[in-house]
Amino acid sequence: MRRTRVLTAVLALAAGLLAGGPPALAADAPAPAPAAVAKAADTYTWRNARIDGGGFVPGIVFNRSEPDLAYARTDIGGAYRWQESTRSWIPLLDSVGWDDWGHTGVVSIASDSADPDRVYAAVGTYTNDWDPGNGAVMRSADRGASWRKTALPFKLGGNMPGRGMGERLAVDPHDNDVLYLGAPSGHGLWRSTDAGVTWSQVTSFPNPGNYAQDPDDESGYASDNQGVVWVTFDESTGTAGSPTRTVYVGVADKENAVYRSTDAGATWERLAGQPTGYLAHKGVLDAENGHLYLAYSDTGGPYDGGKGRLYRYATATGTWTDISPVAEADTYFGFSGLTVDRQNPGTVMATAYSSWWPDTQIFRSTDSGATWTQAWRYTSYPERENRYVMDVSSSPWLTWGANPSPPEQTPKLGWMTEALEIDPFDPDRMMYGTGATVYGTEELTNWDDDTPFTIRPMVRGLEETAVLDLASPPSGAPLLSALGDIGGFRHTDLTKVPSMMFTQPNFTSTTSLDFAESHPGTVVRVGHADSGPHVAFSTDNGANWFAGTDPSGASGGGTVAASADGGRFVWSPEGAGVHHTTGFGTSWSASRGIPAGAVVESDREDPETFYGFKSGRFYVSRDGGATFEASQATGLPAGDSVRFKALPGTAGEIWLAGGASDGPYGLWHSTDFGETFTKLPGVEEADTVGFGKAAPGASYRTLFTSARIDGVRGIYRSTDAGASWVRINDDAHQWGWTGAAITGDPRVFGRVYVATNGRGVIYGDPGGGTHPGPSDACEVTYRVTNAWGDGFQADVRLTNTGTAAWDGWSLAWSFPDGRRIAHLWNGTHTQSGTSVTVRNADWNRAVAPGASVAFGFTASGPSAEATPSAFALGGRECTVK
């Protein structure tokens, strides 16, 4: 089954983002700098629900002067830095905000070997109008901890065809203020001479490229000229402080693929005698031996490619040598991944990147390409022998739950293997990217002894999934996810990688899922599939699944809803109108009164009630989805960029978010089964809405939304039914576009799950320190010690009655209306409406089992009835003494 990447533009269009582009940035603008907003009620800690990987990693770059410094780029999910101490990846572009969502696509990354603290990223997701903004070059002087960026006068395409070629961005090893950038779309070659602050086109460069995957594609996606695709310096031709004299550049032109300058970029010439009929995906130079290695394919990738060659160019003599490991007639793939062992420069490796079946292939030569060995070979077809052993125990879902017949194996060695790098300081370490993960080994030289070596995922911390829907049931697994490309997962522990994605059936992408509110063991999901049904059911909370049947004409997932009691379902699939069923979808009946393509949801209390929305109209069914009627509600968003949910525990109460900048946009509330809606004042834009556990002492569920409030985009929380909101994320944690889904956790106050468009499932918990473990307990003693006419004083003692020490604490409660803390000692506090949170001071953050901490405060308002009835520590309720 061939994997594809989710096109984030589809989501962006649905969110109405294309009405305008991001603001232009000055050449030395910080990245980003949104407007100030009121401080959140809690300082949130943000983590990923671990999946480990899940998307295409088209580039891996090692620094050439500092050991263990490496970077990875993804097509839609930002960039990462390797952290050797934890053997994991650190995300570097979480600060990219909503308006600049396209800058989460990374077309190239470059690490400065002269100054290893410097790193650069060329960002932008699409070169057509799916991405409203231009590309940019981001630069960091602290290894990606913070960034500044320069806007470019053209777009870049981190998720475009040809994105595995490269690297397009390169730092001159002798004069590290000089950088080159290869541009797509006919924009040619660009250069900076001030360390990436300003850029100008190299007007002397003669060829902007001419290759497009499909020149007839009217969307502009496959018809874009893939442009200038890599830059390589010959470090043997320069001295420190002066620009490198010889520079090689690869161009997407099958007749003129490689150019060279010998005067530091002043003039350029096509390399004489070069092969034609192919695109040069990579150009890697072994300066010690004077060899430029080139990996060729007949297409730009990353999925396609039916023929390919490897060549070696002698930089001193101009001699070209075909060093391909197999005859052209025997290739059914292109070559792309290409690397040289810097400790043993005669050792070179390459990948057959587009060989999906039966597997990718990796080739290795220790004599500069004169002879080759390969990672696996046929013994007696279809049996094969591998040089390696695959160990995916850390990411067991990489087997895809498959049981293929030889010569195919599971887990695969990979596919879309365009990134391949040998650690320049360790010949035993190799990493390579695939369409789903980063694999690697630390036993690489075993290859040459014909001794098995182990390949494992080296991807922890790198999370790259596009999240399409989320659910957090009141019992069972805390999180169910619907994901692009790899279907989705059931998380029973957010800190551990699930053993398998949803299977039986597998969906390439799950577009919607739902559970029965009063019977959360019943779950339904719908999605896209290469073949077979597009709907599946579970009766054990998503642990196991069975396929339903499709109504006639259904061609894709759409949206689906389960009744509150799990006895009936409503489905709005692609290719067919809205349908309903009782039981588990063995037969479906067309619903009446609701248009095809409507978004559907269920009432969470009344099992007979379902809802729908389409083109500004809200629809209600009171007979299990058989018939719908349009409500009288007016003023709702006119388009279809809408997400809505019914409130658990109360029949007929609905929250609706969505809209676009050229019409109604915001958050609406209904308490009469959608007959009327009231737009919440102050919420300028909202794209998602979800419910979590009520705050301590509050009766209404906590609301969460991805919204713009008071001019600031962010993730917001309300504990008073939308009367007031606080932003709970910060400028360092924005994750680009977060408009697909959001939900709170009904079991843990304050916990929220956020869908990102390439950074996986993010979840946040109140409090900046380590949360007490699930088995830990707490006790609170609250005493009013003084009172006067319009105020009072109280002392609070918090005791660790559990078995583990706390490293940081955050205690939350709700006051009756009118009480506000004026002054607090032995801690810090924030208050929003009735919600109060007190956090530790630096000196009292550590609390051993059996130990206590105390704080006190003065507050305005009468002390009578001011005693809170409930307290929560890091979202977990405490005993009140």
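- Val229 is linked by a side chain to side chain contact (heavy atoms under 4.5 Å, CB included) to Met165, Arg168, Ala252, counting only residues two or more places apart in sequence or in another chain.
- You'll find the side chain of Gln374 stays beyond 4.5 Å of the side chain of Pro325, heavy atoms only.
- For the side-chain hydrogen bond (donor to acceptor under 3.5 Å, both in side chains) test, residues two or more places apart in sequence or in another chain that qualify with Arg377 are Glu385.
- Under the 3.5 Å distance criterion, with hydrogens and angles disregarded, a donor-acceptor pair is assigned to the side chains of Thr445 and Asp428.
- Shown here are the side-chain hydrogen bond (donor to acceptor under 3.5 Å, both in side chains) partners of Ser223, two or more places apart in sequence or in another chain: there are none.
- Neither side chain, Asp449 nor Asn446, offers a donor N or O lying under 3.5 Å from an acceptor on the other.
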Side-chain donor-acceptor distances from residues 242-249 under 3.5 Å, at least two apart:
from, atom 1, to, atom 2, distance (Å)
Thr244, OG1, Asp172, OD1, 2.5

Salt bridge (Lys or Arg N to Asp or Glu O under 4.0 Å), that's the test. Do Lys282 and Glu167 meet it? Break it down for me. CA-CA 8 Å; Lys282 300 283 195 307; Glu167 293 290 319; over 6 Å; no
Quick one: do Arg387 and Asp450 satisfy salt bridge (Lys or Arg N to Asp or Glu O under 4.0 Å)? Show the steps, please. CA-CA 7 Å; Arg387 292 181 178 272; Asp450 207 18; 3.1 Å; yes
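- Listed by chain and residue number, nothing satisfies the side-chain hydrogen bond (donor to acceptor under 3.5 Å, both in side chains) test with Arg342 (two or more places apart in sequence, or in another chain).
- No side-chain donor from either of Asn256 and Asn207 sits under 3.5 Å from a side-chain acceptor of the other.
- In summary, of the residues considered (Glu418, Arg309, His281), a side-chain contact (heavy atoms from CB on, under 4.5 Å) with Ser297 occurs for His281 alone.
- Screening Trp447, Phe335, Trp376 against Phe363 for a ring pair (Phe, Tyr, Trp, His ring centres under 6.0 Å) leaves a single residue, Phe335.
- Residues that satisfy the side-chain hydrogen bond (donor to acceptor under 3.5 Å, both in side chains) test with Asp224, not counting sequence neighbours, are Thr127, Ser185.
- In this structure a side-chain-to-backbone donor-acceptor pair under 3.5 Å is present from Thr434 to Ala436.
- Ring to ring, Trp190 and Trp199 are not that close: their centroids are 6.0 angstrom or more apart.
- Side-chain N/O atoms of Thr360 and Thr417 include a donor and acceptor closer than 3.5 Å.
- For the salt bridge (Lys or Arg N to Asp or Glu O under 4.0 Å) condition, the pairs that include at least one residue of residues 263-274, sequence neighbours left out, are Arg260-Glu269.
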Dump the intermediate steps for side-chain hydrogen bond (donor to acceptor under 3.5 Å, both in side chains) on Asn386 and Gln409, then the final yes or no. CA-CA 11 Å; Asn386 300 333; Gln409 297 178 353; 2.9 Å; yes
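- Between the Lys307 side chain and the Thr299 main chain, no donor and acceptor come within less than 3.5 Å of each other.
- Taken to the nearest 0.5 Å, the OG1 atom of Thr399 stands 12.5 Å off from the NZ atom of Lys412.
- To the nearest 0.5 angstrom, Asp330 atom CG is 11.0 Å from Ser324 atom OG.
- Using modelled atom types, one finds no donor on one side chain facing an acceptor on the other under 3.5 Å when comparing Ser355 with Gln361.
- Closest non-hydrogen pair, Ala352 versus Phe333, comes out as CB-CD1, 3.3 Å.
- Looking at residues two or more places apart in sequence or on another chain, you find a side chain to side chain contact (heavy atoms under 4.5 Å, CB included) between Ser204 and Val202, Trp268.
- Among pairs with a residue in residues 55-69, those fulfilling salt bridge (Lys or Arg N to Asp or Glu O under 4.0 Å) read Arg64-Glu235, Glu66-Arg143, Asp68-Arg429, at least two apart in sequence or across chains.
- Partners of Ala370 according to the side chain to side chain contact (heavy atoms under 4.5 Å, CB included) rule, which considers only residues two or more places apart in sequence or in another chain, are Asp367.
- To the nearest 0.5 Å, atom OH of residue Tyr120 and atom OH of residue Tyr71 are 11.0 Å apart.
- The side chain to side chain contact (heavy atoms under 4.5 Å, CB included) check on Ser65 picks up Asn63, Ser113, Pro116, with sequence neighbours excluded.
- If you take NE2 on His103 and CE on Met138, they are separated by 8.0 Å, rounding to the nearest 0.5 Å.
- Taking the ring pair (Phe, Tyr, Trp, His ring centres under 6.0 Å) definition, one finds that Phe425 meets it with nothing, sequence neighbours left out.
- Nearest heavy-atom pair across Tyr378 and Pro407 is CE2-CB, 3.5 Å.
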